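Notes follow once the structure below has been shown.
All of these numbers come straight from a predicted model, not from anything done at the bench.
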Amino acid sequence: DGGHTWKPSWKTKTPLQIGALAIDPSQPSVLYAGTGEANLSADSYAGDGVYRSSNGGRSWKAWAPSSLGLPRRIGSIAVDPFDSQHVMVGGVGFGRVSGDNDLGGLYVTRDGGASWTRQTFVSTANHWCHQVLFHPTLRGTVFATVTGPGSRSGLWRSTDGGATWAQLKTGL
């Protein structure tokens with residue numbers, strides 16, 4: 001009804017903090033919610049991964065738990081408009097926390113969430129991905145903003161779906 005009425009659809013035992021939302025461009029009833037606060041504060045609340053709804057948000061299921069290696073503070077989710085199995089998640093981590101790896105960065109699945117890979121084009125060390133976006137009409141074009149070590153911070157572009165990346169340094 002255009003936002004006039006609202007009702008909860010989130011289970012009470014799941015994290016309340018949502019850092020990112022995304023809609024699958026080719027299947028608008030499929031939604032994604034990334035948990036955790038990606039606000040760059042060491043006292044921010046961590047989440048437990050990405051949830052997925054296949055019914056327009058009426059119900060949600062855990063889809064990509066942080067136990068698969070995803071960041072616990074997700075700030076961006078992007079679904080490839082040409083391939084719904086190709087999803088990218090950007091997040092913030094704080095390195096080693098209590099013996100656990102809490103790495104931020106850009107994470108990619110090409111098989112609908114069954115497996116994930118952390119992208120290391122910025123650095124193999126901890127870095128943060130603040131935003132990731134697929135170009136809506138140019139197949140394979142992806143943009144990401146990151147905070148990395150030194151001059152590696154900034155805006156990056158891939159024109160091959162994320163296989164290779166180039167930092168954009170001029171014309172900004």
Side-chain angles (χ1 to χ4, degrees), residues 6-95 97-98 100-122 126-136 140 142-148 156 158 161-163 165:
W6 294 85
K7 65 179 183 172
S9 65
W10 204 252
K11 295 178 183 178
T12 58
K13 292 185 180 184
T14 54
L16 297 177
Q17 58 281 359
I18 304 297
L21 294 170
I23 298 172
D24 184 333
S26 62
Q27 303 174 72
S29 64
V30 176
L31 311 173
Y32 297 88
T35 61
E37 294 178 309
N39 60 11
L40 308 181
S41 172
D43 66 348
S44 64
Y45 288 98
D48 63 0
V50 179
Y51 289 76
R52 184 178 186 268
S53 172
S54 59
N55 58 17
R58 289 188 295 280
S59 63
W60 295 85
K61 292 182 181 177
W63 180 67
S66 55
S67 62
L68 292 177
L70 270 70
R72 294 184 294 181
R73 293 162 185 85
I74 296 171
S76 184
I77 303 170
V79 182
D80 188 332
F82 300 97
D83 179 4
S84 295
Q85 300 293 300
H86 186 198
V87 179
M88 295 188 176
V89 171
V92 173
F94 293 101
V97 178
S98 302
D100 294 333
N101 278 331
D102 184 24
L103 295 177
L106 179 61
Y107 294 76
V108 178
T109 182
R110 293 181 181 273
D111 56 14
S115 63
W116 290 85
T117 303
R118 182 172 183 265
Q119 302 295 287
T120 57
F121 61 90
V122 173
N126 189 38
H127 60 278
W128 300 337
C129 178
H130 305 287
Q131 184 71 42
V132 59
L133 295 167
F134 283 92
H135 192 287
V142 190
F143 296 93
T145 59
V146 298
T147 300
W156 291 74
S158 173
W165 292 83

> With T145, which residues qualify under side-chain hydrogen bond (donor to acceptor under 3.5 Å, both in side chains), at least two apart?
Replying inline: none

> Going by atom types alone, do R72 and S66 pair a side-chain donor with an acceptor below 3.5 Å?
Replying inline: no

>> For a quick test of reading the model, state the closest non-hydrogen atom pair linking A20 to S76 and the distance between them.
In response: CB-N, 3.5 Å

>> Is the distance from the ring center of W165 to that of F121 below 6.0 Å?
In response: yes

> Rounded to the nearest 0.5 Å, how far does CD of Q17 lie from OH of Y45?
Replying inline: 8.0 Å

> Can you tell if the side chain of T35 reaches within under 4.5 Å of the side chain of I18, non-hydrogen atoms only?
Replying inline: yes

> Taking all atoms of both residues into account, what is the closest heavy-atom pair of G162 and S158, and its distance?
Replying inline: N-OG, 2.7 Å

>> Suppose we screen for side-chain hydrogen bond (donor to acceptor under 3.5 Å, both in side chains). Which residues come up paired with N39, at least two apart in sequence or across chains?
In response: none

>> If we count only N and O atoms by modelled type, under 3.5 Å, do the side chains of H130 and T147 hold a donor and an acceptor together?
In response: yes

> Does R110 have any side-chain contact (heavy atoms from CB on, under 4.5 Å) partners at least two apart in sequence or in another chain, and if so, which?
Replying inline: H86, V108

> Which heavy atom of S53 sits nearest a heavy atom of S59, and at what distance?
Replying inline: OG-O, 2.9 Å

> Are any non-hydrogen side-chain atoms of M88 and V142 less than 4.5 angstrom apart?
Replying inline: yes

>> For R52 and V30: C-alpha separation, side-chain torsions, deciding distance, then whether side chain to side chain contact (heavy atoms under 4.5 Å, CB included) applies.
In response: CA-CA 7 Å; R52 184 178 186 268; V30 176; 3.5 Å; yes

>> Treating T109 as the side-chain partner and V87 as the backbone partner, does any N or O pair qualify as donor plus acceptor under 3.5 Å?
In response: no

> Which pair of non-hydrogen atoms, one from P71 and one from G91, has the smallest distance, and what is that distance?
Replying inline: CG-CA, 3.7 Å

> Given side chains that start at C-beta, do those of F134 and V79 come closer than 4.5 Å, heavy atoms only?
Replying inline: no

> For A33 and L21, which heavy atoms make the closest approach, and how far apart are they?
Replying inline: CB-CD2, 3.8 Å

> In chain order, what residues pass the side-chain contact (heavy atoms from CB on, under 4.5 Å) check against T117, with sequence neighbours excluded?
Replying inline: Q119

> Which distance, rounded to the nearest 0.5 Å, do you find between the CZ of R58 and the CG of L31?
Replying inline: 10.0 Å

> So how far is it from Y107 OH to L70 CG, rounded to the nearest 0.5 Å?
Replying inline: 6.5 Å

> How would you list, by chain and number, every residue that makes a side-chain contact (heavy atoms from CB on, under 4.5 Å) with V146, sequence neighbours excluded?
Replying inline: V122, C129, W156

>> Once side-chain hydrogen bond (donor to acceptor under 3.5 Å, both in side chains) is applied, do any residues pair with S115, and if so which ones, sequence neighbours excluded?
In response: D111

> Which residues satisfy the side-chain contact (heavy atoms from CB on, under 4.5 Å) test with S26, sequence neighbours excluded?
Replying inline: D24, S84

>> For the OG1 atom of T120 and the CG atom of L106, what is their distance to the nearest 0.5 Å?
In response: 10.5 Å

> Among all residues two or more places apart in sequence or in another chain, which pass the ring pair (Phe, Tyr, Trp, His ring centres under 6.0 Å) test with W63?
Replying inline: Y32, W116

> Do V89 and V50 touch side chain to side chain, with heavy atoms closer than 4.5 Å?
Replying inline: yes

> How far apart are the closest heavy atoms of V132 and G90, and which atoms are they?
Replying inline: CG1-N, 4.4 Å

